[in-house]
Amino acid sequence: MTQQVPQQVNSSFSAQLPTLQLAWDSTSLGAFKSCPRLYQYSILLGYTSRHLNVHLAFGLWTHSAREVYDHARAQGKSHDEGVTLAVRKAMELSWDRELRRPWASDDKNKNRWTLIRTLVWFLDQFENDPIQTIILANGKPAVELSFRFHTHYQARATGETYLYCGHLDRVGTLGESNYIVDIKTSKHTIDQGFFAKYTPDNQFTGYTLGAKVALSIPVKGLIVDAAQVAVTFSRFERGLVERTPDQVEEWYNDLGHWLRLAEVYAEKGYWPQNDKACQNYGGCAFQGICSKSPTVRDKWLNASFAKRVWDPLQVRGDI
Amino acid sequence: MSNPLDEAKPQSLDAIFSMDPLDLQDKDIAVIVAELRRQRVTWLAAEAAGKTRAPKAAAPKDLSLGDLEL
């Protein structure tokens, strides 16, 4: 069956039309743009892998440890003190508290040792970072910032206003311009193609808009700190990914069309497959489900996946 | 303070990585950091000597390497 509705409370969905998402973020919008069925399974119904995703965990923990370092430096601590605190944070995050043992990764590139190595090498390389983290009016550094803003789009069925939400790693100044700074990790060599793939990009353009509208920080785009994580080394490259106002406006205009389409599917209670996207990004996690007869998919979903609530309104940091 | 490198033997690193992080002392983390910095110095020297594979291409054309201090 494909006409299920969320079983758990998710505040980002309409109370009047429970299949209609009102608060969107780059993850949910990206899933919807990629494949409505993927969106239904992963966002609306909340199915997720039962296993920790190595790449996701590595990226999240790198971000979290970097945040600890940024806060330490903003509080006046030395580079070495910041590194110590960041390493401690990464060690704690990569410890399986339930099993009382280190995180056991089956990836030779991304494991606990390379996580700590990448962190230390990265922080040392950028100890004297020319990008100055913006200090907010409340005295805190502009790191791990959640944002949300009301769009001018409304659901025709319910009259409710759509929100757009996001989470920025860091906002800093380089020269005369502001940029969102984001870390991306990869096991591949970082070349020009690595940075080029972020234009156009749903996540980055939405971040650029969010920084301006919700945080009142006009940014020219993003600076991507890309980390190549190999077995014996971590190498870093930094690239600019800029957005013109016209590009941001185009993205926002398109957003209205995507939201209208999402409303149509929500009213119908049906999210069609995009069978041309099954092989994107290394293959869709739900391809195995979609390959089965529609009559047995529910059983396979419940047997193969765990559930969680993906709620963009859940704040991770300052807002 | 003693040089953490003096203690940065593989067995001590293994032991530190096997510890519950809540039990880690700052000196334990100093051992990890010192060893990683030693490895970085070695790798950077090899990189400078051309013994490691360099990136395929430069950053985007509008990226000022001077500005970014790479």
Side-chain angles (χ1 to χ4, degrees), chain A residues 80-81 83-95 97 100-103 112-114 116-126 128-131 174-175 177 188-196 198-199 221 223-226 228 230 232-242, chain B:
Chain A
D80 282 346
E81 289 172 322
V83 170
T84 298
L85 290 168
V87 169
R88 179 180 291 282
K89 179 70 174 183
M91 292 289 282
E92 290 174 1
L93 290 170
S94 57
W95 179 262
R97 195 140 297 284
R100 295 198 292 181
R101 70 181 188 193
W103 166 45
R112 198 173 190 225
W113 175 251
T114 62
I116 306 299
R117 183 194 66 209
T118 300
L119 183 64
V120 172
W121 289 23
F122 176 83
L123 294 176
D124 277 2
Q125 177 156 333
F126 294 107
N128 300 306
D129 196 344
I131 302 171
L174 180 65
S177 303
H188 302 294
T189 300
I190 309 299
D191 56 17
Q192 190 167 347
F194 182 90
F195 298 106
Y198 291 111
T199 304
I223 292 175
V224 179
D225 284 333
Q228 180 192 358
T232 59
F233 67 88
S234 300
R235 180 189 275 131
F236 310 100
E237 298 287 336
R238 183 170 268 184
L240 290 180
V241 180
E242 297 190 327
Chain B
M1 183 178 171
S2 63
N3 182 356
L5 272 178
D6 293 340
E7 302 172 34
K9 304 291 189 292
Q11 61 269 30
S12 67
L13 282 172
D14 284 345
I16 292 170
F17 267 72
S18 299
M19 289 172 61
D20 186 324
L22 296 180
D23 295 329
L24 286 175
Q25 306 293 314
D26 280 357
K27 65 181 176 60
D28 298 318
I29 294 176
V31 170
I32 297 171
V33 173
E35 171 59 14
L36 287 170
R37 285 177 169 162
R38 185 192 66 76
Q39 291 186 10
R40 181 169 181 255
V41 168
T42 302
W43 185 79
L44 286 174
E47 178 97 322
K51 294 178 181 175
T52 60
R53 193 159 56 89
K56 290 178 182 174
K61 60 182 180 181
D62 53 352
L63 176 64
S64 166
L65 294 180
D67 286 344
L68 300 176
E69 296 184 3
L70 290 176

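Chain letters run A, B, ... following the sequence lines, proteins first, then strands; residues in each count from 1.
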Problem - Side chain, backbone, both or neither of Ile29(B) within contact of chain A (heavy atoms, under 4.5 Å) - result: side chain
Problem - Arg88(A) versus chain B, the contacting section by heavy-atom distance below 4.5 Å - result: both
Completion exercise
Residues Leu13(B) and Trp113(A): closest non-hydrogen pair is CD1-CH2, 4.2 Å
Handout entry: Salt bridge Lys89(A)-Glu92(A), side-chain N to carboxylate O under 4.0 Å
Key = no
Practice task
Tell me, out of Val87(A), Thr84(A), Val241(A), who's got the most heavy-atom pairs with chain B below 4.5 Å.
Solution key: Thr84(A)
Practice task
Taking Arg112(A) for its side chain and Phe17(B) for its backbone only, find out whether a donor-acceptor pair lies under 3.5 Å.
Solution key: yes
Completion exercise
Cut-off 4.5 Å, heavy atoms of chain A, and the answer for Leu44(B) is neither
Completion exercise
Trp121(A) meets the ring pair (Phe, Tyr, Trp, His ring centres under 6.0 Å) criterion, sequence neighbours left out, with Trp43(B)
